[in-house]
Structure formats: structure tokens, C-alpha cells
Amino acid sequence: MANHPGSAANARVHHFKLVLLGDTAVGKSCLVVRFVRDEFFEFQEPTIGAAFLTQTVQLDDATVKFEIWDTAGQERYRSLAPMYYRGASAAIVVYDITNPDSFTGAKSWVKELQRRGDPNVVIALAGNKADLETRRAVEFEEANAYAQENGILHLETSAKNANNVKSLFIEIAKTLPKNAPQPEKEAFPILQQQQETRNCC
Ligand code: GTP
Ligand code: MG
């Protein structure tokens, strides 16, 4: 069947590089695996270097394809991070609502992105493991106030029960400017690349 000009099928696909940053074990990989494959693993292996996955989001008026770099939060990989956030249009900075140190870590990632990331980078702060309410150690209001002060998005998510995971990516997709030039391919890191099958489950 022929597509009509202006129909969703004919709409241009907007490609955006998105990076996930945050301390180890906050659930970055689980969030991505939930978003891309709608799966969850209780025993997710720590990421080595970084993992690359893609996923498309359909908005009312645009199609957004995320090219996702899921970075490794272990300290020994920290120096690699600029390679992944360089040229990124969007960043999800993840903390674990049961771990206050991870919120401190998230704030330092936000600061680093604001100083050294793309000037127009869209930043979303994700308080993950929201299913563990009884073990909560970071109040929603505190993180939300911090996000508002810094002009960034904030959501609490659960990769485990899928709550707010798709919404997180949709909110970012809506916020991204659709008329901006597409990221240059050479901005993508060439080291430590891993295909999704190698490190994601
Ligand atoms: P690095 O790759 O080392 O940076 O860690 P990461 O941030 O990618 O964490 P990962 O996704 O590997 O998750 C760490 C652990 O937290 C895993 O055992 C998951 O099962 C668990 N986990 C992740 N998300 C959630 C969640 O939303 N709720 C609960 N209860 N556990 C979660
Ligand atoms: Mg990981």
C-alpha cells in the first residue's frame, strides 16, 4: 500500500545519541533492557566498558530513534565516560532510591555533563528501584527540588516492575529539538564497543 505524504510512515526518523550514566548497580542496564526488550533480570552482570542498543519511540508527530550507550558505573571505567557523553543529545543520570551515595554520585554526573557535555544536552535524572519503597533513602521531593533547580527532568522508575520506564524515554523524546542537526557519526566512540548480545543479559 502506498504511503501518503505526511503520514506517520513517511515522517522523518530523528536519530539521537543517548547516554546512561550513574554509579554501579543503580540499574542502568536493567532500565535499558526493560525499555528495549521489556525484560528484567535479577542477576544482571555489571557492564564492562559500555553496551550499545537502539530503540524507536513513536510520538504523535515524530519518530525518534535512540542510539543508546549504556556505560559502566564501576570506578575503573569512569575515565571512559566522556567518550560516551561527548556528542550525546540526551543523558539519563540514574541513582538508586535506596542508596544515598548513588544520589550524590548522580549529582556529580549532572555537574560534569553541565560543564563538559553538549551545551544543549537534555538531562533526565532517574530515581530507579522505586519498587523498593520500604528501603527508600532518597526522598522524591529532595531529588525533584534538585532537578528543578538544575532545569532537568526527574522521574522515579522501576526496571523491575516497568513503572515509568517507557515514560522516561518518551519525556526525553518529546523534549529533544526535532529541527536540530543530526549528531555526527564520528562522535561515536570506537573503543570498548559491545553489541547488545554481549553484555546485556
Ligand atoms: P553497572 O553496569 O555496574 O554500572 O551497573 P548498572 O547500573 O547497569 O546496574 P544493573 O542494571 O546491572 O543492576 C544492578 C542490580 O540491580 C541487578 O541485580 C538488578 O536486578 C537490580 N535492579 C535493577 N533495577 C532494579 C529495579 O528497578 N528494582 C529492583 N528491585 N532491582 C533492580
Ligand atoms: Mg550496567
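Note that ligands are numbered from 1 as they come in the structure, with each ligand's atoms numbered from 1 the same way.
Only the backbone of Phe41 comes within contact range of ligand 1, with a heavy atom under 4.0 Å; no side-chain atom does. Contact annotation: for Asp70 versus ligand 1, there are no heavy atoms closer than 4.0 Å. At a heavy-atom cutoff of 4.0 Å, ligand 1 is contacted by the side chain of Asn128 but not by its backbone. Counting heavy atoms closer than 4.0 Å to ligand 1, residue Ser29 contributes atoms from both its backbone and its side chain. Using a 4.0 Å cut-off between heavy atoms, Asp131 contacts ligand 1 through its side chain alone, with no backbone atom that close.
Using a non-hydrogen distance threshold of 4.0 Å, Phe40 registers as a contact of ligand 1. Not a single heavy atom of Gly22 sits under 4.0 Å from any atom of ligand 1. Within the structure, the closest approach of Leu20 to ligand 1 does not fall below 4.0 Å when heavy atoms are considered.
With hydrogens and angles left out, the side-chain atoms of Ser158 and Asp131 include a donor and acceptor closer than 3.5 Å. A donor-acceptor pair shorter than 3.5 Å can be found between the side chains of Gln58 and Thr63. Checking Asp101 against Thr104 by side-chain atom types alone, no donor-acceptor pair falls below 3.5 Å.
When each of Leu168, Ile97, Asn128 is tested with Glu156 by the rule side chain to side chain contact (heavy atoms under 4.5 Å, CB included), just one qualifies, namely Ile97. For the side chain to side chain contact (heavy atoms under 4.5 Å, CB included) test with Ile68, the passing option among Ile92, Leu20, Thr54, Leu31 is Leu20; the others fail.
Annotation: angle subtended at the Mg ion (ligand 2) by Thr47 OG1 and Ser29 OG is 80°, to 10°.
Counting only non-hydrogen atoms, the option in Ala50, Pro46, Cys30, Ala126 that gets closest to atom 23 (C) of ligand 1 is Cys30. For atom 16 (O) of ligand 1, the choice among Lys129, Gln44, Arg135, Lys160 with the nearest heavy atom turns out to be Lys129. With Ala51, Gly73, Ala25, Gly27 as candidates, the residue nearest to atom 4 (O) of ligand 1 on a non-hydrogen basis is Gly73.
Below 4.0 Å from some heavy atom of Asp23 lie the following atoms of ligand 1, by number and element: 7 (O). Below 4.0 Å from some heavy atom of Thr47 lie the following atoms of ligand 1, by number and element: 1 (P), 2 (O), 3 (O). Those atoms of ligand 1 with a heavy atom of Leu132 less than 4.0 angstrom away are 30 (N). In the vicinity of Lys28, heavy-atom distances shorter than 4.0 Å reach the ligand 1 atoms 1 (P), 4 (O), 5 (O), 6 (P), 7 (O), 8 (O), 9 (O), 11 (O).
In terms of N/O distances under 3.5 Å, ligand 1 is approached by Val26. Among the atoms of Glu42, some N or O lies under 3.5 angstrom from an N or O of ligand 1.
Note: Phe169 and Phe66 have perpendicular aromatic rings, judged against thresholds of 30 and 60 degrees for the angle between ring planes. Between Tyr85 and Trp109, the ring planes are perpendicular. Angles over 60° get that label, and only those under 30° would be called parallel.
Considering only non-hydrogen protein atoms, atom 3 (O) of ligand 1 sits nearest to Thr24 OG1, 2.5 Å. For atom 27 (O) of ligand 1, the nearest protein heavy atom (residue, atom name, distance) is Ala159 N, 2.8 Å.
Salt-bridge check for Lys28 with Asp70: failed, with every basic side-chain N at 4.0 Å or more from each acidic carboxylate O.
Taking a 6.0 Å sphere around CZ of Arg136, one finds it holds more than 12 heavy atoms contributed by other residues, nucleotides or ligands.
A cation-pi geometry, defined here as NZ or CZ lying under 6.0 Å from the six-membered ring centre and within 45° of its normal, holds between Lys107 and Tyr146.
Asn164 places no side-chain N or O within 3.5 Å of a backbone atom of Ser167 that could act as its donor or acceptor partner.
Using a 4.5 Å cut-off between side-chain heavy atoms of Ile, Leu, Val, Met, Phe, Trp and Tyr, with links allowed through other members, Ile48 and Phe52 fall into the same hydrophobic cluster.
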